[in-house]
Amino acid sequence: MKSLKLISSAIAMLICFVTIAQQRTITGTVTDVNSTPLPGANVFIKKSKTSAVTNFDGKYTIKAEKGDILVFSFIGMNTENVVVKNSNVINVTLKESANQLQEVVTTAYASTKKKMTTGSIMMIRGTSAGVPIPLNSQYLAAPSVAMRGVESISPKNEPMYIVDGVPVKADQVAKINPNDIDEVKVLKDESAASLYGSKAANGAVVIVTKNELYKNLSEKELDKKLNIIRPIPAQPTQEDYETFVENTFESPKTAPLSTFSIDVDNASYTNIRRFLNNGQEVPKDAVRVEEMVNFFKYNYPQPKDQHPFSINTEVSDSPWNSKNKILKIGLQGKNIPTNNLPASNLVFLIDVSGSMSDMNKLPLLKQSLKILVNELRAKDKVAIVVYAGAAGMVLKPTSGDEKKTIIESLDKLEAGGSTAGGAGIELAYKIASENFIKNGNNRVILATDGDFNVGSSSNSDMEKLIEEKRKTGVFLTCLGYGMGNYKDSKMEILADKGNGNYAYIDNIQEANRFLGKEFKGSMFAIAKDVKIQIEFNPKQVQAYRLIGYENRKLRPEDFKNDAIDAGELGSNHTVTALYEIIPAGVKSDYLNVQPDDLKYTKTETNSANYNSELATIKFRYKKPDGDKSIEMVQVIDNKSIALDKASDDLKFSSAVAWFGLKLRDSKLIADKSSEEIVKLAKQGISNDGDGYKAEFIRLVETSKQYN
């Protein structure tokens, strides 16, 4: 019997080795029909869960065997299936889905919408009817337009371009700010030739700008004007952000303690990325510096004791104020193996109101949650609640291994109606509580644009509701989608007050990062109500300020009050906080000088005993199912290293904070040079397998055009 088991084991191992030997690395690029790379396209093997996502150059890598079917998909595109044969390189071109795109055609001087038409017309597609240039056109190559009926699409067969009555080149058209365009007319055949002669034999694209901005300009004058790229103004009246004031410098003599809750959210960064990628101005209050910094992963060591996270500190020079110092505080959450994670009781709470009909809302939302579904195990369960004019359950709690059933329920969802957000939250928490798993991961996952407009709609009402639900022991994850009417302020309140976290999903790649690659950190808390309190030594520190965390600051007495809510830390999560310090004896324009002869507010210190200490830092946290806090204490030595000798983590996190302060137009930074921010970020780039840090550098370089 024992020998049979050994033989079976050997056969199993042999099969495993054969399978591994048959697998090989497949690489390639996914593009659209214009050969433009598609970042964030999904690639997976049909018969297994193995998947990959294309990077920012549209490239992917995946392990597969000969005969496997690779499935390529992207929002708004037709899915393509490719069988793996002998080649190790598979490049795929995805075509736009006719069902998800709307054609706008123009005949002479009037436009109409049709599915199919013929004659002297041309199809154009853009961000609004009649505008053939995408919002971020200033980052694209010159347009290549071909009229229907013209066989070749080479440049010599392109139409003539007319802007405000003046013939222009294709690359000049690409630089026009779409916000300046009032009207676009497309002429073909005799209509174009009769107006503009033989040069318009392949048709003409006639663009009229608001107030005819480019009328009567010479080619040189037009080039000069078009090269001044202006950001498209955001629409703050339709997108809601909480207003807050930047932290200022404080003296340790009058404010000896700095106390705040950790923040693992990173919604602000992806939202800012959306604005910059669209060539839009970033609203000042959309910038939360700590969420930008915490979007990125840093190389902190795993905890080595009984506590769920390690503490790491470093002091170096401030890159934006040369006389000052930067203190970095980094936490590294314990990495719990997936098999050891507790069972999950999840309730998807999905907004299917009319405001969710856009492609970057409900369609993207459904694709996002499918990524999460693929991570579930048989011991996990999922229920789906939707809300529009009312709330209802569309899927009862279902085992995580019934993926087909869960995905079919997601695919059936359609948008329409008003937004009963409060009713949806009530029902979702009710179902989560009824199926509560003791010592498990009980969580409501709210996916919406935050546009609550029925029932409990005010921020104060939502805050009271979610604080009450927090007492059930159910955690909350908020996923934000969309633009235009996006309600960031509501989403942040829900996550902050509901034992939760918050992410803004701007594309499928971000969904894959937050819900796939970082599934454990996003969905499994290892510590809750994590608070930090730091006491600076007045002998060494003249003044300090916490960079960011304005909405997470606590009163000193809140630190030991277990009734006060604070942030949650997930498995393998990192949290980074930065302080800017004005050392003792340094003259500073940013410091309100305190008189030395005050009688009642003067603080005495025993400098003889603490000359070597910069500060003492304390942490308090609770276990995920606990009610009593555990405290940790660590002394920070008064040792600073030059910035060029500092760790990559300090350099890169400081560069991200620097950019955030610049976007907020901070009055407390002396140097606002994008070139210097890029230089520092490049010095600190490491641990960047997914390319997010490289993307940040490109965003900063892009923003230089607006300086």
Side-chain angles (χ1 to χ4, degrees), residues 260 262-266 268-270 288-304 307-321 324-335 513 517-518 521 530 532 534 544-549 567 569-581 614-615 617 619 632 634-662 669 676-700:
F260 64 100
I262 67 163
D263 187 358
V264 297
D265 298 341
N266 46 53
S268 179
Y269 178 77
T270 50
R288 294 187 289 274
V289 177
E290 75 279 5
E291 293 188 19
M292 295 179 65
V293 171
N294 283 320
F295 175 86
F296 301 96
K297 293 299 179 187
Y298 302 101
N299 193 29
Y300 303 144
Q302 282 286 312
K304 296 179 180 179
H307 297 295
F309 53 86
S310 66
I311 302 167
N312 310 276
T313 61
E314 185 177 3
V315 181
S316 188
D317 303 322
S318 167
W320 54 80
N321 290 323
N324 295 352
K325 300 291 183 183
I326 292 292
L327 164 63
K328 175 180 67 66
I329 303 167
L331 305 185
Q332 172 65 61
K334 186 176 182 180
N335 186 15
R513 183 192 74 86
K517 294 177 183 177
E518 298 183 12
V530 183
I532 300 176
I534 186 166
Y544 65 87
R545 77 181 187 106
L546 177 61
I547 298 173
Y549 290 91
L569 185 69
S571 172
N572 208 35
H573 246 158
T574 61
V575 176
T576 300
L578 301 174
Y579 277 91
E580 184 175 6
I581 294 170
L614 181 76
I617 188 167
F619 301 83
M632 306 166 65
Q634 184 168 309
V635 172
I636 302 173
D637 293 334
N638 185 36
K639 292 181 180 178
S640 176
I641 56 176
L643 186 58
D644 62 343
K645 303 293 184 184
S647 69
D648 289 347
D649 290 337
L650 187 142
K651 290 175 183 175
F652 194 85
S653 61
S654 295
V656 177
W658 194 356
F659 185 51
L661 293 171
K662 177 180 177 176
I669 57 174
E676 291 301 313
I677 296 173
V678 167
K679 182 179 177 182
L680 182 62
K682 286 182 176 179
Q683 290 173 5
I685 193 169
S686 62
N687 188 29
D688 191 36
D690 294 314
Y692 297 119
K693 293 179 180 178
E695 178 199 31
F696 167 78
I697 292 171
R698 288 196 290 272
L699 287 178
V700 180

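Every residue was checked against the salt bridge (Lys or Arg N to Asp or Glu O under 4.0 Å) condition with Lys679, not counting sequence neighbours, and none meets it. Remark: Gln302 engages Asn572 in a side chain to side chain donor-acceptor pair (under 3.5 Å) (not counting sequence neighbours). Scanning for side chain to side chain donor-acceptor pair (under 3.5 Å) contacts around Asp637 gives an empty result, with sequence neighbours left out. Not counting sequence neighbours, the partners of Ile685 by the side chain to side chain contact (heavy atoms under 4.5 Å, CB included) test are Asp688, Lys693, Ala694, Ile697. The ring pair (Phe, Tyr, Trp, His ring centres under 6.0 Å) check on Tyr269 picks up Phe295, Phe296, with sequence neighbours excluded. Under the rule for a side chain to side chain donor-acceptor pair (under 3.5 Å), Thr313 has no partner lying at least two apart in sequence or in another chain. Residues forming a side chain to side chain donor-acceptor pair (under 3.5 Å) with Asn638 (at least two apart in sequence, or on another chain): Gln540.
Between atom CH2 of residue Trp658 and atom CD of residue Glu676 there is a gap of 5.5 Å, rounded to the nearest 0.5 Å. For the atom pair CE of Met632 and CD1 of Ile532, the computed distance is 10.5 Å after rounding to the nearest 0.5 Å.
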For residues 324-331, please give each side-chain donor-acceptor pair under 3.5 Å, one per line with the distance, not counting sequence neighbours.
| unit_1 | atom_1 | unit_2 | atom_2 | d |
| --- | --- | --- | --- | --- |
| Asn324 | ND2 | Glu580 | OE2 | 2.9 |
| Lys325 | NZ | Asp317 | OD1 | 2.8 |
| Lys325 | NZ | Ser640 | OG | 3.3 |

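Between Pro319 and Ser654, the shortest heavy-atom contact is CG-CB, 4.2 Å. Considering all non-hydrogen atoms of both residues, Met292 and Gly660 come closest at SD-CA, 3.6 Å. In plain terms, the two heavy atoms of Leu578 and Ser653 that are nearest each other are CD1-O, 3.7 Å. Residues Ala657 and Ile547 approach most closely at CB-CG2, 4.3 Å, considering heavy atoms. Between Glu290 and Tyr549, the shortest heavy-atom contact is OE1-N, 2.8 Å.
Inter-residue side-chain proximity for Leu680 and Leu643 is flagged as met; some heavy-atom pair is nearer than 4.5 Å. The shortest distance between side-chain heavy atoms of Leu569 and Pro308 does not fall below 4.5 Å. Using a 4.5 Å heavy-atom threshold, the side chains of Phe309 and Ile311 count as touching.
Residues Asn266 and Arg513 have side chains that bring a donor and an acceptor to within less than 3.5 angstrom of each other. With no hydrogens or angles considered, a side-chain donor-acceptor pair links Thr576 and Tyr300 at under 3.5 Å.
His573 places a side-chain N or O within 3.5 Å of a backbone atom of Gly521 that can act as its donor or acceptor partner. No side-chain donor-acceptor contact under 3.5 Å links Asn294 to the backbone of Asp265. Counting only distance, with no hydrogens or angles, the side chain of Gln332 and the backbone of Thr574 share no donor-acceptor pair below 3.5 Å. When atom types are taken as modelled, the side chain of Glu314 and the backbone of Ala646 share no donor-acceptor pair closer than 3.5 angstrom.
Residue Phe652 is tested with Val656, Asp649, Asp648 for a side chain to side chain contact (heavy atoms under 4.5 Å, CB included); the sole match is Val656.
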